[in-house]
Amino acid sequence: MNKYYLNYLDELESEAIYILREVYAQFQNPVILFSGGKDSILVTHLAKKAFYPAKIPFPLMHVDTGHNFPETIKFRDDLIDELGAQLIVGSVQESIDCGRVAEEKGKNATRNALQITTLLDAIESNKVDCAIGGGRRDEEKARAKERFFSHRDDFGQWDPKNQRPELWNLLNGKYFEGEHFRAFPISNWTEMDVWNYIKRENIQIPSLYLAHQREVVWRSESWIPVSEHLKLEENEKIETKKIRFRTLGDITITGGIESDADTLEKIAEEVAALRMTERGNRSDDKRSETAMEDRKKQGYF
């Protein structure tokens, strides 16, 4: 009798594809939340595989803070052109301009939390019933509590104590009017899994993930890139360092690490030796012990 074995990447891929197909089967108007980061790029690649040779049956939704890395926006637009997919953009700047949210002030001001209102408005106006995200349980303790199908109430809020059981991978996507779900097909992947899969599949990623020379400032225990949005303090000095970014968010809060990893092979080797979570360089997560969970309860990714 012939035996067929899947390696661990094939198993993770199979699980993610199953979840994406379940989303398509159970929901009427899903979208992929696309930030231009490696995890949302991976989810998009898996969706291509899940529905090949047809096109991805979901639009991609990007919440644009206006403080993005220029490289990220270019990558997003190039990928949309390549896929021939629909792109839905929710603008934080528009939310500010119309008085829906108020811009933060001060040295560590960020638009990260402002994305919540913009995202929920975009979900409501586009009648989205499931938003597919690239969250992974190994990223942060709040995300470790997520299910594959994460229920959100009619205010878009997440209650970690009121999630549905997922026994034997049976997923319950039933919801009442006004409610919606978030789906996380790569929940069980680790950062190492992501890079090994990207390497295996030769998936294109933004150059920000590869080590490169960049002007930066040391702040919040990491190297923050210099940009038009960064306000320097008197004691801060601009330096040029060879860095790369492990995770991508707003240019104002995403810290880089000093690195020589300028290929996918070197990134995989570096990640294997690191002991700090990839979100350890995100200053917005350092505001409190429960910063991520507090934002998620309000409707964050």
**Request:** Verify salt bridge (Lys or Arg N to Asp or Glu O under 4.0 Å) between Arg152 and Glu146, making sure each step is shown before the conclusion.
**Result:** CA-CA 12 Å; Arg152 305 299 168 106; Glu146 285 283 18; 3.1 Å; yes
**Asked** Taking the side chain as C-beta and beyond, is there a heavy-atom pair between Val43 and Phe58 under 4.5 Å?
**Response** no
Side-chain donor/acceptor pairs under 3.5 Å, residues 80-93, sequence neighbours excluded:
residue : atom : partner : partner atom : Å
Ser91   : OG   : Gln93   : N            : 3.3
Ser91   : OG   : Glu94   : N            : 3.1
Gln93   : OE1  : Arg111  : NH1          : 3.1
Gln93   : OE1  : Arg111  : NH2          : 2.7
Gln93   : NE2  : Asp97   : OD1          : 2.9

**Ser259 OG to Trp223 CH2 distance, which is reported to the nearest 0.5 Å** = 14.0 Å
**Message:** Just to verify, what does Tyr8 make a side-chain hydrogen bond (donor to acceptor under 3.5 Å, both in side chains) with, not counting sequence neighbours?
**Reply:** Asn196
Using atom types as modelled, flag every donor-acceptor pair under 3.5 Å from a side chain in residues 22-32 to any protein atom, sequence neighbours excluded.
residue : atom : partner : partner atom : Å
Glu22   : OE1  : Gln26   : NE2          : 2.8
Gln26   : OE1  : Gly173  : N            : 2.9
Gln26   : NE2  : Leu171  : O            : 3.0
Asn29   : ND2  : Asn126  : O            : 2.7
Asn29   : ND2  : Lys127  : O            : 3.0

**Prompt:** Which pairs, with at least one residue in residues 114-123 and sequence neighbours excluded, count as a salt bridge (Lys or Arg N to Asp or Glu O under 4.0 Å)?
**Reply:** Arg100-Asp121
**Prompt:** Side chains of Ile41 and Phe75: closer than 4.5 Å at any heavy-atom pair?
**Reply:** yes
**Request:** Supply the atom-to-atom distance His62 NE2 to Ile73 CD1, rounded to the nearest 0.5 angstrom.
**Result:** 4.5 Å
**Prompt:** Quick one: side-chain hydrogen bond (donor to acceptor under 3.5 Å, both in side chains) partners of Thr117, sequence neighbours excluded?
**Reply:** none
**Asked** Would you call Arg137 and Phe184 a side-chain contact if the rule is heavy atoms closer than 4.5 Å?
**Response** no
**Request:** Start with the C-alpha distance between Asp159 and Asp153, add both sets of side-chain angles, then the distance that settles side chain to side chain contact (heavy atoms under 4.5 Å, CB included), and finish with yes or no.
**Result:** CA-CA 8 Å; Asp159 181 358; Asp153 65 20; over 6 Å; no
**Prompt:** In chain order, what residues pass the side-chain contact (heavy atoms from CB on, under 4.5 Å) check against Asp78, with sequence neighbours excluded?
**Reply:** Lys74
**Request:** Determine whether Val226 and Val217 make a side-chain contact, defined as any pair of heavy atoms from C-beta on separated by less than 4.5 Å.
**Result:** yes
**Message:** For Trp189 and Asp39: C-alpha separation, side-chain torsions, deciding distance, then whether side chain to side chain contact (heavy atoms under 4.5 Å, CB included) applies.
**Reply:** CA-CA 10 Å; Trp189 296 53; Asp39 297 319; over 6 Å; no
**Request:** With sequence neighbours excluded, tell me which residues meet side-chain contact (heavy atoms from CB on, under 4.5 Å) with Ser14.
**Result:** none
**Under the salt bridge (charged side-chain N to carboxylate O under 4.0 Å, His left out) test, residues paired with Glu270 that sit two or more places apart** = Arg244
**Prompt:** Does any non-hydrogen side-chain atom of Thr65 lie less than 4.5 Å from one of Thr252?
**Reply:** no
**Request:** State, yes or no, whether a side-chain contact exists between Arg182 and Trp158 at a heavy-atom distance under 4.5 Å.
**Result:** no
**Prompt:** To the nearest 0.5 Å, how far apart are NE2 in His229 and NE2 in His67?
**Reply:** 4.5 Å
**Request:** Return yes if a side-chain donor-acceptor contact under 3.5 Å exists between Asp129 and Tyr175, otherwise no.
**Result:** yes
**Message:** I need the full list of salt bridge (Lys or Arg N to Asp or Glu O under 4.0 Å) pairs touching residues 44-69, with sequence neighbours left out, sorted by first then second residue.
**Reply:** Glu13-Lys49, Lys49-Glu201
**Prompt:** side-chain hydrogen bond (donor to acceptor under 3.5 Å, both in side chains) with Arg214: which residues, sequence neighbours excluded?
**Reply:** Glu71, His212
**Message:** Please enumerate all residues that pass side-chain contact (heavy atoms from CB on, under 4.5 Å) together with Thr263, with sequence neighbours excluded.
**Reply:** Glu265, Lys266
**Prompt:** Are Tyr209 and Leu248 close enough that some pair of their side-chain heavy atoms sits under 4.5 Å apart?
**Reply:** yes
**Request:** Could you walk me through whether Tyr197 and Leu42 pass side chain to side chain contact (heavy atoms under 4.5 Å, CB included), step by step?
**Result:** CA-CA 9 Å; Tyr197 188 82; Leu42 172 59; 3.3 Å; yes
**Item:** Flag side-chain contact, heavy atom, 4.5 Å: Ile205 against Leu264
**Value:** yes
**Request:** To the nearest 0.5 angstrom, please state how far the CD1 atom of Ile186 sits from the CG atom of Asp138.
**Result:** 9.0 Å
**Asked** Which is it for Asn7 and Arg200 under the side chain to side chain contact (heavy atoms under 4.5 Å, CB included) test, yes or no, and what are the steps along the way?
**Response** CA-CA 12 Å; Asn7 72 25; Arg200 187 185 82 171; 3.9 Å; yes
**Asked** Glu177: what forms a side-chain contact (heavy atoms from CB on, under 4.5 Å) with it, not counting sequence neighbours?
**Response** none
**Complete:** Value for CD1 (Ile257) from CG (Leu274), rounded to nearest 0.5 Å, stands at 5.5 Å
